[in-house]
Amino acid sequence: MEHGVKPTGIARFTNIVVNVALVLMVLGPILRAIVALAPDGTAMRVRVPSDAVSALPDNARLAPIVPVALEIEDPTAKQSLAVFLWGVPPFALGIVVLAFLRGIVGSVRRGDPFIADNVRRLRAIAFALIIGGPLVQILMQFFTSVVAESAGVRSAPFRLDIPGAPPVIGLGVLLLAQVFAHGVQLREDVEGTV
Amino acid sequence: MPEATDFGVVVHLDELLGDRGMTLTELSERVDVTVVNLSVLKNGRARAIRFSTLAALCDALECQPGDLLSYDA
């Protein structure tokens, strides 16, 4: 029995993204397995401890970009500030998400989760993840390059991983907000029913 | 004249209760619907009424649905 609930634009868009992501997630390992099982000279990368690279076999070499931890003794004020600021974006995003989540938890404790405020909170969390996730990554890479270059070390080229976990999770939360919106509507209908 | 709901349906519960000399509390006990919900219905704030409730009201008030509800376009 259909309940006459029209799918919203958000739900349709999220449906497309989720289906595409699912196809990629299934195809990815299959393609990697095919490449791995049919070696054609393509180089493969693995992570190893830094002390294992002193004597490499003939068919192994360090990848062009190898992330390493840099220890800076007696950092300058600028370096200390950059390191501090490097840690701010993820905490800021976490605080924003937790603040809205706290409001939702409060309503659940009151036994009243299907309210318009929670729909707004979930949408805010979703947009914080969708926009904030990549933004946090950009800022962290920026501050890393500031510290590295101030120490005279060339930093790695900028790389943005898309789609990252936060934007995908944000889409899921956006869909959950739509579910809650339907819940609010159903609640209004039920409350007015005698 | 009782107030119409948002959908234009008018509930004549007050008139029927007055004609039969019945209070809202007595009706509530007869139909097993809370006084609060009957008040919501009486004041035109209900969004929907179950058939079971409508049947119970008609039985208790000895009336037809058309006596209880009317539509004011």
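Note on naming: letters A, B, ... go to the chains in the order of the sequence lines (proteins, then strands), and numbering restarts at 1 for each one. These values consider heavy atoms only, across backbone and side chains, with no hydrogens, waters or symmetry-generated copies. All values derive from a computational prediction rather than experimental measurement.
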Answer yes if A:I115 and A:L176 sit in the same cluster of Ile, Leu, Val, Met, Phe, Trp and Tyr residues linked by side chain heavy atoms under 4.5 Å apart, and no otherwise. no

Same hydrophobic cluster for A:I104 and A:V179, using side-chain heavy-atom links shorter than 4.5 Å among ILVMFWY? no

Set out, in order, the CA-CA distance, both residues' side-chain angles and the distance that settles side-chain contact (heavy atoms from CB on, under 4.5 Å) for B:R50 and A:T193, then state yes or no. CA-CA 7 Å; B:R50 297 185 184 89; A:T193 298; 3.9 Å; yes

Are A:F100 and A:L122 connected, step by step, through hydrophobic side chains (Ile, Leu, Val, Met, Phe, Trp, Tyr) whose heavy atoms are closer than 4.5 Å? yes

Identify the heavy atoms of A:E188 and B:R47 that sit nearest to each other, and give their distance. O-CD, 3.3 Å

Applying a strict under-4.5 Å side-chain criterion to I, L, V, M, F, W and Y, I'd like to know whether A:F84 and A:W86 cluster together. yes

What are the two closest non-hydrogen atoms of B:L41 and A:V194, and how far apart are they? CB-CG2, 4.2 Å

Could you check which of B:V33, B:V40, B:T53, B:T34 has the highest count of heavy-atom pairs closer than 4.5 Å to chain A? B:T53

